[in-house]
Amino acid sequence: MVEKKSSMQNLILWVAAILTLIKSAFVEYGYDASYHIALSWRHINGDRLFGEMWEPHQTSSFVLDFLMKVYHVIIPSMTGVALYLQVVGAVAFFCVVYFFYRSLLKFVDKNIATIASVILLVARPKGMTLLEFSNLLVVFSVCLLLCILFVYENASCLSAVLTAGFTCLMLLAYPSTVLFFVPVFVFLIRRNQKCGWTYLFSCITFGAIYVCVHVFQNGFSVFIQNIFNIFGGDATHGVKSLSSFFRFEWDVPYLVNTIFPMMIIAGFFGRKRLNEKEKQVWLWGVLISSFSFVAVALLTNLGIFTIFGYLVLGAAVSVIPLSKMLSEKKEYILVGVCFAIVIVRGLWVINGYSSINGRFITNIENIIREGPAEGIVAPLSIVNETRESLSDWKKNVSEEDSVLAVGDWLVDSIVYLYSEAEVANYSTIDTTTYSDKLEEYWNIYPKKEPSVIAYKSYRGENMPTEDTYIGRLILEKYEPVAIGEQWIFYREKQ
């Protein structure tokens, strides 16, 4: 009877988790996802990494580059590409987490493995399922954990090479995870010297190949200079104050995130109850997610409550010591926490476009029916804005143009897919901070100087002013040629 009850409980958790993935694929799409799609769009259209692209997250574009190329071969347009990437990402996430679940079964029973896996599947740092830098960091973190567990079972050259591969992939997702190379190398060299040196050689080889490819494409001096340009040109990921880092965020997703460090701390006090194999899973899961936390904190302007979301792997494996601290009769506490996370974070709360009207599933209203985001569920205001923006761009931007999209609020980077025009910005990130770095970029790459500037303005209600750098640039060198429903278009003065 108890076993039957547990099986039903696990089935309900898995079904709920899968429903959250389906919900997220259709509903939780927003500006960050658009940015990553635009990043890959310009890359597959000829802009070079560390060349014309000074994007802060460009090293993580390789997955979407491949997926978008495949999509473009099958469907010779980018219509609906966002939903396709969301669905593929959801499937990939499920596969990785299910493999994690199967691996956990070697150490714990089905109930604990299910709870840990469902938390990992549902509580992603960002709601979207698209494989952008944040989700890739989590995916590769899980894969790295599984590789390290493989090393415990079989300290071979193969396990060392696989571990090196996923260490490097984590590095591409978030370059600051380079810090994690040291503890992994120390672990491997102590475990098996041959394995450790194979890991070191593999990491150096993978890194050398990557650098050589981009040096060959751009030239050594350009490659080095543009690494500095990437950091110098990105105003959105600059140094943050302690007050902004520790600011309290009264928002449901971020409040849910605070559960993760609590679970890890509680797990720490229960670690002595673990056997050797269980302790390996817990220790490395916590260690990997802790380094991910530090890596994200170093490279972003996010607050601590947001970054707590990157501790999800550590929270998931902390279910193991927590289960040891609770008797079987009190295991319902863990089940309750898991159900709460699934319901609140998974089935109820939303991120992305839909959160404009509020954080809850009841705030979604309609479906985007055209353009790259076709099929995405969003508020009616976004659906209308998308339709009008597409019309504005089709009328006023041609494939011969070089276009710069700007505004005094977040600019949805997906607009760069509305035409075949050159991207005139060194970065498509949705910033509203502009500087003379733009003119420096155009001096280096003259073909990138914009023939048209699209200024985000609802029916011309707000106009560029001389109070800002981008406003002065537009007013001095450009003149308005069309006022659309969502954009004002400027072309160079004759």
Legend entry - From T177 atom OG1 to L171 atom CG, the distance as rounded to the nearest 0.5 Å: 5.0 Å
Legend entry - Heavy-atom closest pair, residues Y418 and S389: CE1-CB, 3.8 Å
Legend entry - V122 backbone acceptor or donor facing T20 side chain under 3.5 Å: no
Legend entry - Minimum heavy-atom distance between C338 and L13, given as atom pair plus value: SG-CD2, 3.7 Å
Legend entry - Beyond-backbone contact of F100 with L313, side-chain heavy atoms, under 4.5 angstrom: yes
Legend entry - Minimum-distance pair of heavy atoms, taken over all atoms of Y35 and H57: OH-N, 3.5 Å
Inset, instruction - Evaluate the side-chain proximity of F181 to C203: yes if any heavy-atom separation is below 4.5 Å, no if none is. - result: yes
Inset, instruction - Check for a donor-acceptor pair, side chain of S40 on one end and backbone N or O of I37 on the other, with a separation under 3.5 Å. - result: no
Legend entry - Within the 6.0 Å centroid threshold, strictly below: Y84 and Y71: yes
Inset, instruction - Under the side-chain contact (heavy atoms from CB on, under 4.5 Å) rule, what do V317 and W284 come out as? Steps first, then yes or no, please. - result: CA-CA 9 Å; V317 297; W284 280 103; over 6 Å; no
Inset, instruction - Would you check if the distance from the ring center of F260 to the ring center of F293 is below 6.0 Å? - result: no
Inset, instruction - Might you point out which heavy atoms bring Y426 and R42 nearest each other, and give the distance in Å? - result: O-NH1, 3.1 Å
Inset, instruction - Return yes if some donor-acceptor pair links the side-chain N/O of S318 with the main-chain N/O of G267 below 3.5 Å, else return no. - result: no
Inset, instruction - Answer whether the closest heavy-atom distance between the side chains of V286 and F268 falls below 4.5 Å. - result: no
Inset, instruction - Evaluate the criterion side-chain hydrogen bond (donor to acceptor under 3.5 Å, both in side chains) for residue pair Y199 and T167; output intermediate values, then yes/no. - result: CA-CA 10 Å; Y199 171 81; T167 303; 3.1 Å; yes
Inset, instruction - With rounding to the nearest 0.5 Å, note down the distance linking OH in Y98 to OG in S103. - result: 11.0 Å
Inset, instruction - Measure the acute angle between the ring planes of Y210 and H214, then classify it against the limits of 30° and 60° as parallel, tilted or perpendicular. - result: perpendicular
Inset, instruction - Kindly determine whether F185 and W197 satisfy ring pair (Phe, Tyr, Trp, His ring centres under 6.0 Å), including the steps that lead there. - result: CA-CA 8 Å; F185 174 65; W197 291 117; 5.6 Å; yes
Legend entry - Separation between CG of L283 and CD1 of I148, rounded to the nearest 0.5 Å: 9.5 Å
Inset, instruction - State whether E278 and R273 are salt-bridged, where the test is any N-O pair (Lys NZ or Arg NE/NH1/NH2 against Asp/Glu carboxylate O) under 4.0 Å. - result: no
Legend entry - Donor-acceptor pair, side chain of T129 and main chain of Q86, under 3.5 angstrom: yes
Inset, instruction - Report yes or no: does S159 contribute a side-chain atom to a donor-acceptor pair with the main-chain N or O of N154 at less than 3.5 Å? - result: yes
Legend entry - From S61 atom OG to L131 atom CG, the distance as rounded to the nearest 0.5 Å: 12.5 Å
Inset, instruction - Report the C-alpha distance between T163 and F150 in whole Å, list the side-chain angles of each, state the deciding distance to 0.1 Å, and finish with yes or no for side-chain contact (heavy atoms from CB on, under 4.5 Å). - result: CA-CA 9 Å; T163 305; F150 181 38; over 6 Å; no
Legend entry - Check: N425 side chain, T428 main-chain N or O, donor-acceptor pair, under 3.5 Å: no
Legend entry - Note: E153-K106 ion pair, threshold 4.0 Å (strictly below): yes
Legend entry - For the student: nearest non-hydrogen atoms of T59 and L172, plus distance: OG1-O, 2.6 Å
Inset, instruction - Identify whether the distance between the nearest side-chain nitrogen and carboxylate oxygen of K126 and E28 falls below 4.0 Å. - result: no
Inset, instruction - Step by step, work out the side-chain contact (heavy atoms from CB on, under 4.5 Å) result for F206 and V161. - result: CA-CA 10 Å; F206 294 149; V161 171; 4.2 Å; yes
Inset, instruction - Please examine the side chains of L85 and L67, heavy atoms only from C-beta on, and report whether any two atoms are closer than 4.5 Å. - result: yes
Legend entry - For the student: nearest non-hydrogen atoms of L39 and M53, plus distance: O-CE, 3.6 Å
Legend entry - Any side-chain heavy-atom pair of I414 and Y31 under 4.5 Å: no
Inset, instruction - Answer yes or no: are there more than 12 heavy-atom neighbours, outside K110 itself, under 6.0 Å from its atom NZ? - result: no
Legend entry - Side-chain heavy atoms of H36 within contact of L130, under 4.5 Å: yes
Inset, instruction - For E374 and R369, run salt bridge (charged side-chain N to carboxylate O under 4.0 Å, His left out): C-alpha distance rounded to whole Å, both residues' side-chain angles, the deciding distance at 0.1 Å, then the answer. - result: CA-CA 5 Å; E374 182 180 83; R369 301 187 184 277; over 6 Å; no
Inset, instruction - Starting at CG of N366, measure out to CZ of R387 and round the result to the nearest 0.5 Å. - result: 9.5 Å
Inset, instruction - List the steps, then state whether side-chain contact (heavy atoms from CB on, under 4.5 Å) holds for V312 with R124. - result: CA-CA 7 Å; V312 62; R124 300 175 304 280; over 6 Å; no
Legend entry - Interatomic distance, L287 atom CG to L144 atom CG [nearest 0.5 angstrom]: 9.5 Å
Legend entry - Check: Q217 and F50 side chains under 4.5 Å, non-hydrogen atoms: no
Legend entry - Polar side-chain atom of E132 near backbone of N135 as donor-acceptor pair, under 3.5 Å: yes
Legend entry - Side-chain donor/acceptor of D47 to backbone N/O of H43, under 3.5 Å: no
Inset, instruction - For the pair N226 (side chain) and G51 (backbone), establish whether a donor and an acceptor sit closer than 3.5 Å, ignoring hydrogens and angles. - result: yes
Inset, instruction - Please answer whether the main-chain N or O of T114 pairs with a side-chain N or O of S117 as donor and acceptor at a distance below 3.5 Å. - result: no
Legend entry - V423 side chain reached by Y416 side chain, heavy atoms, under 4.5 Å: yes
Inset, instruction - For this output row, return yes or no: ring centroids of W14 and Y101 closer than 6.0 angstrom. - result: yes
Legend entry - Derivation of the ring pair (Phe, Tyr, Trp, His ring centres under 6.0 Å) call for Y152 and F187: CA-CA 10 Å; Y152 276 109; F187 158 70; 5.1 Å; yes
